[in-house]
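Since the structure comes first, as structure tokens, the remarks are kept for the end.
Ligands are counted one by one from 1 in listed order, and the atoms in each one are counted from 1 as well. All of these numbers come straight from a predicted model, not from anything done at the bench.
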Amino acid sequence: MAKNFKPSFYVTTPIYYVNDVPHIGHAYTTVIADTLARFNRLSGREVFFLTGTDEHGQKVEKAAKAKGLKPIELADQVVVRFKDLWKALNISFDFFIRTTQPFHEEVVQKIFQKLKDKGDIYKGTYKGWYCDSTEHFLSDDVPLQEGGYKICPDCNVKAYLVTEECYFFKLSAYGDRLLDFYAQNPEFVRPPSRMNEVASFVRQGLKDLSITRTTVKWGIPVPGDLEHTVYVWFDALHNYLTGIGYDWKLELYQKFWPATIHLIGKDILRFHAVFWPAFLMAADFPLPQTVYSHGWWLKDETKMSKSKGNVLDPHLILNTLGADPLRYFLLREIPIGLDGNFSHEGFLHRVNSDLANDLGNLVQRTLTMIHNSFQGKIEETEDEEEGDKELRLAFNKLKEDVSVLYEQYALNRALEEIWVYINSVNKYLADNEPWKLAQKETKRKRLARILYQAASAIRGVSYLTFPVMPETSEKIWEYLGEETSIKDVLFSGFKFENYRLGQIIQKPEPLFPRILLKDFLGEEVSQSMSERKEEMEEISFDEFKRMDLRVGEIVQAERVPGTDKLLKLEVDIGEEKRTMVAGVADVYSPEELTGKKLVVIVNLKPAVIRGIESQGMLLAAETEGKAIIPFFESDAPTGAKVK
Ligand code: MSP
């Protein structure tokens with residue numbers, strides 16, 4: 001074993017503010033962390049997964065006041081909401097830290113004192129624009145508005161000017177050390193685009209940071225100067241140390257610190273990638289390996305609001321479908337780092353197509369056939385034919401690829417690869433037509449081989465998806481008659497070949513029932529959502545004329561690598577050819593589109609999709625998230641205007 005190999009994995013989520021109830025955004029970070037924790041446990045590493053709540057500060061103080069509660073009472077209530085959500089989402093955290101816990105408060109005070117003794121914290125006067133909502137002073141480059149005030153660029157709320165005595169942390173002294181550290185550890189901030197952003201911020205020069213307040217009472221008192229409380233971020237960031245036992249359970253701390261990965265949203269990157277390592281350098285702690293910044297979940301593009309009744313409540317989904325469809329959707333839909341749009345339709349489409357159709361039907365069909373033809377027990381099979389062997393070898397390669405992708409935190413790519421394989425298993429069944437063989441007594445052993453092969457593939461797939469959809473995998477293992485829990489098998493030792501003949505296979509229940517919008521939003525809301533399509537604002541003919549619609553001819557079509565929905569099209573629009581990216585690959589193959597004529601809009605602002613500039617868009621109807629393209633007869637002249 002390499003000398004620096006560390007068989008431990010310490011993953012954290014941000015600690016969530018308790019002024020608000022948990023939502024999909026919070027669920028996202030926590031599901032990523034849980035998946036990484038589960039994968040690393042399968043890999044044989046010792047894992048520690050920390051989450052918790054950030055309970056001090058002005059925001060919480062104010063929210064509690066508005067509810068007529070003491071801050072700690074509000075915190076106690078909201079903590080229950082978070083813990084309930086984590087339970088419903090099957091989150092396997094090892095410890096839930098609350099910043100109001102005494103061991104945490106004591107450590108924050110000790111470190112504060114240590115840095116003060118060292119001269120890295122000093123007393124001064126601060127004058128600046130403060131945003132209550134994000135609890136930070138705006139940077140100097142935020143412009144003054146006409147009325148003589150500033151607006152917080154993060155949340156668009158009016159900031160106000162504060163002059164107060166406070167303690168400063170000498171952040172300015174750490175710029176060079178931070179830049180050196182980034183240069184030596186390019187993986188400290190991921191994805192790489194975020195590293196550029198952080199380094200250029202530091203390169204512009206760092207100012208000392210105000211880290212105490214006198215106007216906020218709900219905070220950790222500054223040791224020896226009780227008028228002051230510690231700024232909520234100085235307090236909160238240290239949870240990553242206190243949550244792992246510093247300095248109240250030192251064996252734990254020594255085993256796991258420094259953290260392997262801090263998962264955070266892009267809005268709190270600077271705190272984690274600049275302030276946090278500087279605090280740690282000052283107090284002589286080793287620095288974390290990676291701060292991974294993920295994107296945001298946006299609401300329905302069609303505007304989501306409470307009054308319309310289409311706000312996404314995670315519990316609504318979880319109560320109807322359980323945790324796995326939501327976990328799958330959040331991880332599959334976007335790479336960690338990019339923003340995503342959460343729409344009910346998009347969610348249901350994914351769940352119905354990937355989970356109910358591709359995976360669910362595969363399991364259902366295969367196991368039901370084993371039941372019907374072999375009373376649930378395959379004892380003897382014919383030897384492998386070429387196609388059977390390919391399915392097996394493809395799995396063993398898939399396992400290696402997926403392992404690398406999980407290691408790189410490329411969870412959506414891992415799922416994409418697994419689904420390509422699931423579909424190849426479906427194709428294997430379609431090609432071999434076991435339902436026909438079941439009619440012929442002479443083909444019994446061949447039938448047994450095909451079903452056994454498919455069952456082994458299902459077992460393999462359920463092992464690989466376990467970090468993402470643990471409940472589903474456990475259900476599949478139960479159906480497959482696996483006696484021991486497969487999750488005790490290490491990733492390196494898991495093999496397709498290890499599914500033994502002769503296991504008793506249960507008759508499966510559908511894993512993912514197909515669901516309709518009205519099933520879980522209610523008839524009324526889903527109706528009002530479809531009516532909204534008709535309620536669109538009127539436009540004038542002149543407005544309509546601003547759209548340049550043409551007859552386009554697809555001259556070339558190919559799949560966009562690494563996606564299963566996107567096609568890259570070369571479209572002839574008369575005087576020139578345009579590149580367009582269209583999300584239709586789940587319905588149309590490149591071959592069937594080539595030579596087709598259709599309506600395209602050619603004066604739409606270009607958009608970059610998966611690194612390809614799309615210079616126009618084709619028009620199509622949409623039903624249940626699937627595109628239906630209206631084609632012209634071939635004699636429609638290419639490039640003709642459509643009006
Ligand atoms: N308390 C601080 C974190 C301190 S960590 C030492 C905080 N809390 S928060 O509750 O406001 O946000 C917690 C996390 O949730 C952040 O990483 C934020 O990016 C994430 N999200 C909140 N809304 C989100 C979305 N809509 N989408 C994705 N994540 C977002 O900041």
Side-chain angles (χ1 to χ4, degrees), residues 11-33 50-63 71 74-75 78-79 81-82 85-86 89 91 96-100 104 107-108 111 131-136 152 154-155 157 194 211 218-220 230-244 259 261-280 288 291-301 304 311-314 326 329-331 333-343:
V11 55
T12 67
T13 72
I15 44 172
Y16 301 104
Y17 285 130
V18 290
N19 61 322
D20 204 358
V21 293
H23 58 68
I24 290 286
H26 306 132
Y28 181 49
T29 328
T30 315
V31 165
I32 300 175
L50 180 71
T51 190
T53 40
D54 187 355
E55 305 190 0
H56 292 123
Q58 200 157 38
K59 255 209 284 223
V60 177
E61 201 172 44
K62 280 190 175 169
L74 175 66
V78 178
V79 162
R81 302 285 294 266
F82 273 101
L85 180 59
W86 301 156
L89 269 167
I91 301 296
F96 188 104
I97 187 167
R98 301 181 56 178
T99 51
T100 47
H104 171 81
V107 170
V108 171
I111 294 180
C131 170
D132 257 357
S133 173
T134 48
E135 309 228 21
H136 77 295
C152 170
D154 295 331
C155 58
V157 166
R194 298 279 168 208
I211 53 161
W218 180 234
I220 302 176
V230 173
Y231 172 48
V232 64
W233 275 99
F234 188 88
D235 162 1
L237 286 162
H238 286 93
N239 91 87
Y240 301 129
L241 284 172
T242 57
I244 196 71
I261 176 167
H262 291 314
L263 281 160
I264 56 156
K266 60 183 180 180
D267 49 321
I268 55 173
L269 178 60
R270 203 171 282 178
F271 297 100
H272 283 82
V274 182
F275 303 170
W276 179 226
F279 295 159
L280 289 168
V291 170
Y292 210 119
S293 155
H294 67 67
W296 279 77
W297 280 102
L298 310 172
K299 296 178 177 178
D300 273 334
E301 272 151 352
M304 198 190 261
V311 175
L312 209 112
D313 172 2
L326 183 57
F329 177 82
L330 291 174
L331 301 181
E333 199 68 1
I334 47 169
I336 307 177
L338 296 188
D339 289 347
N341 179 56
F342 203 118
S343 73

Distance filter under 4.0 Å, heavy atoms only, around ligand 1 gives P14, I15, Y16, Y17, H23, G25, H26, D54, W233, A236, L237, N239, Y240, I264, G265, D267, I268, H272, H294, G295, W296, W297
Aromatic ring pairing [X]/[Y], orientation class (parallel under 30°, perpendicular over 60°, tilted between):
{"X": "F82", "Y": "W86", "value": "tilted"}
{"X": "W276", "Y": "F279", "value": "perpendicular"}
{"X": "H272", "Y": "W233", "value": "perpendicular"}

So, K266 and D339, do they make that salt bridge, N to O below 4.0 Å? yes
With sequence neighbours left out, the residues meeting salt bridge (charged side-chain N to carboxylate O under 4.0 Å, His left out) with D154 are none
Between F329 and W297, is the ring centroid distance below 6.0 Å? yes
